[in-house]
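For reference, the structure is listed below as structure tokens.
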Amino acid sequence: MAKDIKQLFEVYPSQAQATIPVGVRINDMVFANGLAGIDLLTGEPAGDLQAQMTKILEHLQWLMEKAGGNMDNVVRCAAYVTTMADREPIYTPWEALYPDPADRPGLKALLAELPAGHLVHLDAIGIIGGKRQRIDLPNITARDPAVKMGNWFFTSRCHGNDQTTGKIVEGGIEAETRQTFENFSALLKRAGGTEDNILQINMFGRDDSYKEIAWKVFEERFPDPENRPACHQLVNVVSESMQISIEMMAAL
């Protein structure tokens, strides 16, 4: 494994007293985990929710530039807020930074417990030198896109939308899970790949009750335990119009 790593370094803030790295670059990939809207030296939060989100994006831009790239190389992000009401407002600074819906990274907003005074955190993945390509299915609208960059393909949270009508299929968790996998297959085909390229799947339900049914569909879809992708089942916010949300990443 080590022989495949050509370049690895942590990116630290410019202040000498700041001892926590903002992120890490491994080969051409940049990872940031838990970026907070704080002064990197004092640790003080920047202000209200949108002020903290704006500060986080400034930290992310600084990280990408110090890693050798820029914000055009960001491919996927995950935001964490503490209340349902805070999920929508973070999109204001986000969409100001990325005003073109056809060319922005994927973003999802989840709920999490954060340190006192922290209203939003952000995880991010970037690929130095990469160029985003948005991939969509006809008849299915998505605020947060599936994005191809180089040989990597990331979706945000996808759902059991019928590819003809765009509506969530009837039949509950099992039907929605099956349809989401069909949508993954169609997205991968448009990106130039197949389901064999999937490396990881993350499932989201409102509580643990969805897990057994969704896992059964997953095992049927990927019957070979030695070659199926990693799958994580998580409990977090899911829209009232559906029972499950699923995301995946693939190496094409």
Side-chain angles (χ1 to χ4, degrees), residues 27-29 72-78 98 100-108 123-205 210 213-234 238-239 241-252:
N27 293 343
D28 289 336
M29 301 194 76
D72 289 337
N73 303 141
V74 178
V75 62
R76 189 177 77 162
C77 293
Y98 293 108
D100 183 1
D103 184 26
R104 62 170 58 124
L107 174 70
K108 63 175 179 284
D123 296 344
I125 299 174
I127 302 174
I128 302 299
K131 181 175 175 58
R132 289 184 297 269
Q133 178 185 353
R134 177 169 179 150
I135 307 292
D136 286 304
L137 295 180
N139 304 315
I140 299 179
T141 59
R143 181 180 194 175
D144 298 308
V147 180
K148 178 182 177 182
M149 185 176 279
N151 291 328
W152 291 94
F153 184 49
F154 300 88
T155 74
S156 191
R157 299 205 297 174
C158 294
H159 318 295
N161 300 82
D162 184 284
Q163 294 182 29
T164 301
T165 67
K167 297 180 179 180
I168 299 294
V169 297
E170 297 180 356
I173 294 170
E174 181 172 347
E176 290 181 31
T177 304
R178 293 186 188 281
Q179 183 62 48
T180 305
F181 284 137
E182 290 297 326
N183 294 343
F184 283 160
S185 180
L187 284 167
L188 281 160
K189 184 176 181 180
R190 286 175 170 265
T194 71
E195 289 182 66
D196 291 338
N197 300 124
I198 298 176
L199 299 178
Q200 179 172 309
I201 288 171
N202 297 328
M203 297 180 173
F204 299 87
Y210 85 96
I213 298 171
W215 189 265
K216 173 178 174 289
V217 176
F218 168 72
E219 287 186 324
E220 291 175 358
R221 191 83 185 194
F222 302 96
D224 183 358
E226 297 297 322
N227 294 300
R228 65 170 60 123
C231 182
H232 304 282
Q233 293 187 302
L234 308 166
V238 174
S239 172
S241 63
M242 60 197 67
Q243 300 297 313
I244 188 171
S245 296
I246 310 175
E247 65 181 12
M248 64 92 174
M249 91 170 86
L252 306 177

Open item on the list: Just to verify, what does D224 make a side chain to side chain contact (heavy atoms under 4.5 Å, CB included) with, not counting sequence neighbours?
Closed with: E226, N227
TODO: Apply salt bridge (Lys or Arg N to Asp or Glu O under 4.0 Å) to E176 and list each qualifying residue two or more places apart in sequence or on a separate chain.
DONE: none
Task: Any donor-acceptor pair under 3.5 Å from T155 side chain to A146 backbone - done: no
TODO: Would you mind reporting whether I213 and T177 have side-chain heavy atoms less than 4.5 Å apart?
DONE: no
Task: Heavy-atom closest contact (Y98 atom, D103 atom, distance) - done: CD2-O, 4.1 Å
Open item on the list: Just verifying a value: how many Å separate T180 OG1 and E247 CD, rounded to the nearest 0.5 Å?
Closed with: 12.0 Å
- [ ] Taking all heavy atoms of P229 and all of I198, pick out the closest pair and write down the distance.
- [x] CB-O, 3.4 Å
- [ ] Please report the shortest heavy-atom distance between V238 and S245, naming the atom on each side.
- [x] CG1-OG, 4.0 Å
TODO: Would you please name every residue forming a side-chain hydrogen bond (donor to acceptor under 3.5 Å, both in side chains) with Q243, sequence neighbours left out?
DONE: none
Open item on the list: Run the side chain to side chain contact (heavy atoms under 4.5 Å, CB included) test against R134 and tell me which residues pass, sequence neighbours left out.
Closed with: P101, D136, A142, P145
TODO: State which residues pass side-chain hydrogen bond (donor to acceptor under 3.5 Å, both in side chains) with T165; sequence neighbours excluded, sorted by chain then number.
DONE: none
Open item on the list: I need the minimum non-hydrogen distance between Y210 and M203, along with the two atoms involved.
Closed with: OH-O, 3.1 Å
Task: Listed partners of K216 passing side chain to side chain contact (heavy atoms under 4.5 Å, CB included), at least two apart - done: E174, R178, E220
- [ ] Write down the atom of L137, the atom of A186, and the distance for their closest heavy-atom approach.
- [x] CD2-CB, 3.6 Å
Task: Listed partners of F204 passing ring-ring contact (aromatic ring centres under 6.0 Å, His included), at least two apart - done: none
Task: W152 side chain reached by L199 side chain, heavy atoms, under 4.5 Å - done: yes
Open item on the list: Using a 3.5 Å distance criterion without hydrogens, assess whether the side chain of N151 forms a donor-acceptor pair with backbone atoms of A251.
Closed with: no
- [ ] Give the minimum heavy-atom separation between P223 and R228, together with the two atoms involved.
- [x] O-NH2, 3.5 Å
Task: Any F153 side-chain heavy atom under 4.5 Å of L187 side chain - done: yes
- [ ] Mind jotting down which residue pairs meet the salt bridge (Lys or Arg N to Asp or Glu O under 4.0 Å) criterion with at least one end in residues 185-200? Sequence neighbours excluded, please.
- [x] E195-R221
Open item on the list: Per the salt bridge (Lys or Arg N to Asp or Glu O under 4.0 Å) rule, what does the pair list look like for residues 137-163, sequence neighbours excluded?
Closed with: E88-R143, E95-R143
Task: N/O donor-acceptor pair under 3.5 Å between R132 side chain and M149 backbone - done: no
Open item on the list: Test of understanding: with salt bridge (Lys or Arg N to Asp or Glu O under 4.0 Å), list the residues that count as partners of D28, not counting sequence neighbours.
Closed with: R25
TODO: Would you mind reporting whether W215 and C231 have side-chain heavy atoms less than 4.5 Å apart?
DONE: yes
- [ ] Decide yes or no for I168 and N161: does some side-chain heavy atom of the first lie under 4.5 Å from some side-chain heavy atom of the second?
- [x] yes
Open item on the list: Under the rule for side-chain hydrogen bond (donor to acceptor under 3.5 Å, both in side chains), what residues qualify as partners of Q179, not counting sequence neighbours?
Closed with: N183
Open item on the list: For the CD atom of E182 and the SG atom of C158, what is their distance to the nearest 0.5 Å?
Closed with: 13.5 Å
Task: With N197 via side chain to side chain contact (heavy atoms under 4.5 Å, CB included) - residues at least two apart - done: T194, A250, L252
Open item on the list: For F222 and F218, take the angle between the two ring planes, folded into 0 to 90°, and tell me which bin it lands in: parallel under 30, tilted 30 to 60, perpendicular over 60.
Closed with: tilted
